Amino acid sequence: MRILSVLACLMLAVATIPAQAADQKGRFRAKGVGAQSCSDYLQFGKEDRLVAETWWAGFVTAINIERDDTYDVLPNVPVETVNQWLEGYCRNNPRHLMSIAVYRLVEHHFPTRAKSSPNP
């Protein structure tokens with residue numbers, strides 16, 4: 001039930017994303033797991049890790065929706081690979097917020113994104 005609540009919140013958040021992703025100075029307010037530090041993330045148990053996976057999946061989905069030239073920013077990247085990448089990033093940057101960690105993940109994979117659906 002908790003997962004359904006999180007998914008409903010993510011869908012609402014994606015539906016209300018403003019046209020401008022940050023203010024004029026590039027600042028933004030992180031919400032949910034994105035407001036947690038990498039240090040906190042490294043301490044998450046199994047249930048919280050699942051919530052974090054749901055959060056980053058929503059983040060990536062929002063990128064896929066908002067970018068005209070992006071169908072999937074993480075094509076063929078398994079969940080386990082993303083989690084390992086985030087864990088390594090967070091070990092190296094414990095003070096960063098999870099929103100920054102996931103943004104860096106997207107930035108890392110962006111050049112190899114799928115620009116269109118494989119199904120015509």
Side-chain angles (χ1 to χ4, degrees):
M1 188 61 152
R2 183 176 178 186
I3 292 173
L4 291 177
S5 297
V6 170
L7 288 174
C9 289
L10 283 173
M11 291 174 84
L12 179 61
V14 168
T16 60
I17 292 174
Q20 187 175 7
D23 68 11
Q24 288 98 1
K25 294 182 180 179
R27 299 173 301 187
F28 63 92
R29 172 73 62 197
K31 303 284 187 175
V33 173
Q36 299 291 310
S37 71
C38 273
S39 178
D40 291 339
Y41 173 75
L42 293 172
Q43 303 301 314
F44 283 1
K46 187 176 182 177
E47 188 173 314
D48 288 334
R49 286 284 176 117
L50 182 57
V51 171
E53 285 178 14
T54 303
W55 186 88
W56 66 249
F59 186 107
V60 169
T61 299
I63 298 294
N64 292 345
I65 290 168
E66 287 298 309
R67 291 295 305 237
D68 290 336
D69 62 347
T70 302
Y71 173 74
D72 186 1
V73 77
L74 298 175
N76 304 313
V77 180
V79 170
E80 300 81 21
T81 301
V82 172
N83 288 334
Q84 289 170 354
W85 193 97
L86 289 172
E87 195 159 320
Y89 181 91
C90 284
R91 273 196 218 101
N92 292 326
N93 303 281
R95 291 181 168 177
H96 286 191
L97 295 179
M98 283 303 296
S99 55
I100 299 302
V102 176
Y103 180 81
R104 295 290 182 229
L105 167 81
V106 168
E107 199 173 51
H108 176 77
H109 285 279
F110 199 75
T112 59
R113 72 194 180 282
K115 293 182 180 182
S116 61
S117 170
N119 305 315

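Residues: numbered from 1 along the sequence shown. What you see is a predicted model; the values in this text were computed from it and never measured.
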Handout entry: ring-ring contact (aromatic ring centres under 6.0 Å, His included) partners of residues 99-120, not counting sequence neighbours, each pair once
Key = W85-H108
Exercise for the section: For the residue pair I100 and Y89, establish whether any side-chain heavy-atom pair is separated by less than 4.5 Å. Expected result: yes
Exercise for the section: Mind running side chain to side chain contact (heavy atoms under 4.5 Å, CB included) on F59 and L105 for me, showing each step along the way? Expected result: CA-CA 11 Å; F59 186 107; L105 167 81; over 6 Å; no
Problem - Rounded distance (nearest 0.5 Å) linking atom NZ of K115 with atom CZ of R67 - result: 9.5 Å
Practice task
Report the distance from atom CD of E53 to atom CG of D48, rounding to the nearest 0.5 Å.
Solution key: 11.5 Å
Handout entry: Reported SG-to-CG distance for the pair C38 and L86, which is rounded to 0.5 angstrom
Key = 7.5 Å
Problem - Partners passing ring pair (Phe, Tyr, Trp, His ring centres under 6.0 Å) against Y71 (at least two apart in sequence or in another chain) - result: none
Handout entry: Steps toward side chain to side chain contact (heavy atoms under 4.5 Å, CB included) verdict (S37, M98)
Key = CA-CA 6 Å; S37 71; M98 283 303 296; over 6 Å; no
Exercise for the section: Kindly confirm or rule out a cation-pi arrangement of R91 over Y41, judged by NZ or CZ under 6.0 Å from the six-membered ring centre and within 45° of its axis? Expected result: no
Exercise for the section: Could you tell me whether a side-chain N or O of S39 sits under 3.5 Å from a main-chain N or O of P94, the two making a donor and an acceptor? Expected result: no
Handout entry: pair Q36-Q43: side-chain heavy atoms closer than 4.5 Å
Key = no
Exercise for the section: Please check if atom CG in N76 has more than 12 non-hydrogen atoms from other residues, nucleotides or ligands closer than 6.0 Å. Expected result: no
Practice task
Taking W55 for its side chain and K31 for its backbone only, find out whether a donor-acceptor pair lies under 3.5 Å.
Solution key: yes
Exercise for the section: Give the minimum heavy-atom separation between A114 and P75, together with the two atoms involved. Expected result: N-CG, 3.7 Å
Exercise for the section: Go through the steps for W56 and V79 under the test side chain to side chain contact (heavy atoms under 4.5 Å, CB included), then give the verdict. Expected result: CA-CA 10 Å; W56 66 249; V79 170; 4.0 Å; yes
Fill in the blank from the handout: One should read off an interatomic distance between I63 CD1 and D72 CG, to the nearest 0.5 angstrom, of 12.0 Å
Fill in the blank from the handout: By side-chain contact (heavy atoms from CB on, under 4.5 Å), Q84 pairs with (sequence neighbours left out) none
Handout entry: Point-to-point distance, once rounded to the nearest 0.5 Å, from CG of L74 to OG1 of T61
Key = 9.5 Å
Handout entry: Spacing of CZ belonging to R95 relative to SG belonging to C90, to within rounding of 0.5 Å
Key = 14.5 Å
